[in-house]
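A quick write-up on the structure given underneath.
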Amino acid sequence: MGASKAQRATAAKKRAQATALRVAGVDWATIAERVGYASPGAACTAVSEALKANLREQHDNVDELRALTVARYDRLQAAFWPLAIQEKDKKAADVVLRCLAGRADVEGTKAPTRLNVEAQKLGDEILAMFEDGGDDGPGAGP
């Protein structure tokens, strides 16, 4: 049988206290003693669990914000789409294009940026110099 609501609340309070102490720089043995954990390892485990739960919560919040942002882009695009397509309104078309780009940024579906060919050639030349041992560089002997 699982822990009662009161037990879960007490454990959460202990984890929060232990986390606050750790953030303040307190060592695990002292945290265990002050908060009431059986060992420094138990205190460490509790803080780790609290941090993981916090990360999951933040991840959920970010996902929710991302979905809300995409929904806003969808509404804006839907509002300007008829003007852009049927009436060929350039400002409306610009709004639609910005909505598409913004949605791609938020969803992470934006195509990767291509590497400049000249930059790639320069990088290859530099690597070749290192592979050759750099004998032709400044200070090279006869």
Can you give me every donor-acceptor pair (side chain of residues 94-102, partner residue at least two apart or in another chain, under 3.5 Å) with its distance?
from, atom 1, to, atom 2, distance (Å)
D94, OD2, R98, NE, 2.9

Can you give each donor-acceptor pair under 3.5 Å made by side-chain atoms of residues 46-58, sequence neighbours left out, with the distance rounded to 0.1 Å?
from, atom 1, to, atom 2, distance (Å)
S48, OG, C44, O, 3.1
N54, OD1, Q58, NE2, 3.4

R66: salt bridge (charged side-chain N to carboxylate O under 4.0 Å, His left out) partners, not counting sequence neighbours: D63

Kindly write out the residues that satisfy salt bridge (charged side-chain N to carboxylate O under 4.0 Å, His left out) with D105, not counting sequence neighbours, or none if the list is empty. K110

Whether over 12 other heavy atoms sit under 6.0 Å from E107 CD: yes

Distance in Å, T10 OG1 paired with R8 CZ, rounded so as to fall on 0.5 Å steps: 11.0 Å

The reported gap from OG1 in T69 to CD in E64 (rounded to nearest 0.5 angstrom) is 10.5 Å

I need the minimum non-hydrogen distance between S39 and A32, along with the two atoms involved. O-CB, 3.4 Å

Table please: side-chain donor-acceptor pairs of residues 17-27 below 3.5 Å, with sequence neighbours left out.
from, atom 1, to, atom 2, distance (Å)
T19, OG1, R15, O, 2.8
R22, NH1, V26, O, 3.2
D27, OD1, T30, OG1, 2.8
D27, OD2, A29, N, 3.2
D27, OD2, T30, N, 3.0
D27, OD2, T30, OG1, 3.2

Going by atom type alone, with no hydrogens or angles, which donor-acceptor pairs under 3.5 Å involve a side-chain atom of residues 75-84 and a protein atom two or more places apart or on another chain?
from, atom 1, to, atom 2, distance (Å)
Q77, OE1, R103, NH1, 3.2
Q77, OE1, R103, NH2, 2.7

